[in-house]
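To start, the structure itself, in structure tokens.
Keep in mind that what you see is a predicted model, and the values were worked out from it rather than measured. For reference, positions follow the sequence shown, starting with 1.
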Amino acid sequence: MGLLAGSTIMLLTILWGSCVIVGKCDLSEDSTTIDSQDTKAFSLFGSGVSTDLQTSYAARIMAISVLPFIVVQIPQILKLKSGHRLTLLLGLIVAVLLLLTYCLYQIFQPWIQRRKLEYSKLKHVMSGLLKHAQMHTFGHLIDDDGTPNVSVIEKLFHKIDLDNDGRIGRGELQAFIVGVNFEDIELDSNLAADQVMADFDRSRNSSIEKGEFVDGVLRWLEEAKRVVAGSGAYSKKFMDDFHITTGEEHNALLDKHEEDDESIENPTWTCFKAISLLLLGTAMAAAFADPLVDAVHNFSSATSIPSFFISFIAMPLATNSSEAVSAIIFASRKKQRTLSLTFSEVYGGVTMNNTLCLAVFLALVYIRGLTWDFSSEVLVIFLVCIIMGLFTSFGTKFPLWTCFVAFLLYPLSLILVYILDYKFGWS
């Protein structure tokens with residue numbers, strides 16, 4: 001249990017903070033990182049790292065993965081004298097279900113990415129249409145105070161409705177889309193018309209009535225205000241900013257999609273090699289597990305150092321060395337794409353600790369009828385996972401000063417475990 005706690009906390013503190021230092025780039029005035037440019041030395045606010053949205057999702061998944069720890073602690077939290085074995089079984093079931101869900105998420109992630117790419121293209125098409133419409137209609141689509149201008153939206157409807165029959169057909173919509181110059185992306189007007197029709201035509205009668213059109217534009221104006229939050233002014237530049245932002249989002253997803261779809265020369269051999277290495281690693285872990293435990297116990301007896309602290313500090317350095325090396329190598333490339341992979345790997349490692357490793361541990365405790373008494377370890381895992389999960393779930397840019405927050409959590413975790421175990425008798 002000390003190894004599990006130490007591994008999780010080391011990944012989220014020491015390794016996380018080290019990756020920020022190694023991968024830092026210059027931050028521009030709008031706090032976005034400039035790939036491969038690191039001229040501001042150790043500026044706490046002028047340099048840092050940035051990741052993509054998928055990395056934030058990985059952090060949220062990691063935070064959710066602490067749920068089994070909460071389940072098994074219910075008797076201690078509520079001070080119940082019975083129900084310990086039942087909560088162990090429930091915790092085991094929850095850990096296994098979360099593990100299966102996480103694995104399925106990884107399997108279907110390419111499909112999710114394709115859906116995100118399609119949606120990002122639709123968003124960029126809509127931003128271009130709104131930008132074009134604002135330039136060629138009789139007023140702004142959105143007033144200075146952020147209120148949508150419905151009368152202008154209705155004028156836009158009548159402009160697209162070429163035959164004045166009170167509804168926009170697919171041909172009329174495509175004609176309007178063709179009239180918009182999309183220089184920044186390769187646009188299929190047929191596909192774009194289909195996407196916009198599907199989004200606006202809520203009655204599914206193959207045409208867009210005025211009410212549907214107004215509702216659709218209002219939804220996209222709300223999306224524009226969300227995407228360009230903090231711009232302050234809802235003028236012509238506001239629509240330009242929305243179009244630029246959606247273009248950058250689409251290009252980032254497109255680059256990631258193309259990298260993910262790179263062809264492999266011999267996929268059969270690659271799969272065989274990967275499976276063989278996984279089996280070899282599993283066999284090595286099984287063969288050396290018992291000698292490792294004996295070595296820790298003997299070293300603890302010889303030095304009079306509690307075995308928990310040896311497993312908490314020394315063992316994670318060895319067991320996480322491969323993840324640490326690969327993460328730091330990726331971070332050193334100083335690009336958003338590789339930094340996103342780096343932090344996703346860190347969060348993924350913690351998620352596997354909180355699901356697979358915990359499930360194995362709970363199964364052993366339950367089957368052998370052992371007593372679950374790891375309140376201090378569970379508490380530090382919960383606190384660090386939640387703090388770092390919330391800290392990184394709602395942001396994609398981390399200035400250099402954030403690494404010190406992560407570093408500080410490591411000694412605080414050690415101190416907390418020591419106080420709880422040896423001062424309050426939680427052990």
Side-chain angles (χ1 to χ4, degrees), residues 108-143 146-228 234 236 238-254 257 261:
F108 290 106
Q109 191 176 21
W111 173 77
I112 296 172
Q113 285 296 105
R114 284 192 291 270
R115 289 294 301 272
K116 288 179 180 177
L117 181 61
E118 291 173 5
Y119 181 72
S120 72
K121 177 171 280 191
L122 171 61
K123 187 189 293 186
H124 190 52
V125 168
M126 283 307 308
S127 68
L129 296 179
L130 294 177
K131 175 186 173 183
H132 176 82
Q134 183 160 278
M135 292 173 62
H136 297 85
T137 51
F138 307 99
H140 293 310
L141 291 169
I142 190 167
D143 294 331
T147 304
N149 196 329
V150 177
S151 63
V152 174
I153 297 173
E154 291 177 345
K155 290 177 184 179
L156 175 61
F157 172 83
H158 292 297
K159 181 176 181 178
I160 302 174
D161 181 20
L162 298 176
D163 58 7
N164 297 316
D165 64 348
R167 61 183 61 190
I168 296 174
R170 187 188 177 286
E172 293 171 320
L173 182 60
Q174 185 175 355
F176 180 69
I177 292 174
V178 170
V180 180
N181 185 17
F182 287 92
E183 296 179 348
D184 46 354
I185 66 169
E186 184 179 345
L187 181 67
D188 183 341
S189 61
N190 286 305
L191 179 60
D194 290 339
Q195 288 180 315
V196 176
M197 283 292 295
D199 187 65
F200 277 51
D201 182 20
R202 296 302 174 93
S203 62
R204 296 293 180 261
N205 61 353
S206 300
S207 63
I208 303 173
E209 283 80 15
K210 181 188 288 187
E212 291 176 326
F213 183 82
V214 172
D215 290 342
V217 173
L218 289 176
R219 278 188 285 106
W220 282 106
L221 289 176
E222 287 299 318
E223 176 68 9
K225 288 194 286 185
R226 186 189 68 79
V227 171
V228 197
Y234 298 101
K236 178 181 177 181
F238 173 78
M239 285 301 169
D240 291 338
D241 292 341
F242 180 43
H243 190 59
I244 292 171
T245 303
T246 56
E248 292 174 347
E249 178 184 327
H250 174 266
N251 291 332
L253 283 172
L254 184 63
H257 182 71
D261 287 347

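Under the rule for a salt bridge (Lys or Arg N to Asp or Glu O under 4.0 Å), the partners of D194 that lie at least two apart in sequence or sit in another chain are R170. With sequence neighbours excluded, the residues forming a side-chain contact (heavy atoms from CB on, under 4.5 Å) with R202 are E212, R219, listed by chain and number. Take N205 and apply the side-chain contact (heavy atoms from CB on, under 4.5 Å) test, not counting sequence neighbours, and it matches R167, D201, S203, S207, E209. Listed by chain and residue number, H132 satisfy the ring pair (Phe, Tyr, Trp, His ring centres under 6.0 Å) test with F176 (two or more places apart in sequence, or in another chain). For the side-chain hydrogen bond (donor to acceptor under 3.5 Å, both in side chains) test, no residue two or more places apart in sequence or in another chain qualifies with S206. In terms of the salt bridge (Lys or Arg N to Asp or Glu O under 4.0 Å) criterion, E154 has no residue partners (sequence neighbours excluded).
In this structure, D161 and F213 have side chains that are not in contact, with every pair of non-hydrogen atoms separated by 4.5 Å or more. Between I168 and F200, the closest side-chain pair of non-hydrogen atoms is not below 4.5 Å. Taking 4.5 Å as the limit, some side-chain heavy atom of V178 sits within range of a side-chain heavy atom of Q174.
The distance from atom CG of L221 to atom CG of N149, rounded to the nearest 0.5 Å, is 10.0 Å. Of the inter-residue distances, the one linking I208 atom CD1 with D215 atom CG reads 11.5 Å to the nearest 0.5 angstrom. Note: N164 CG to E172 CD = 8.5 Å, rounded to the nearest 0.5 Å.
Just one of V152, L129, V150, I153 meets the side chain to side chain contact (heavy atoms under 4.5 Å, CB included) condition when paired with V217; it is I153.
When all heavy atoms of A192 and I177 are compared, the pair lying nearest together is C-CD1, 3.9 Å.
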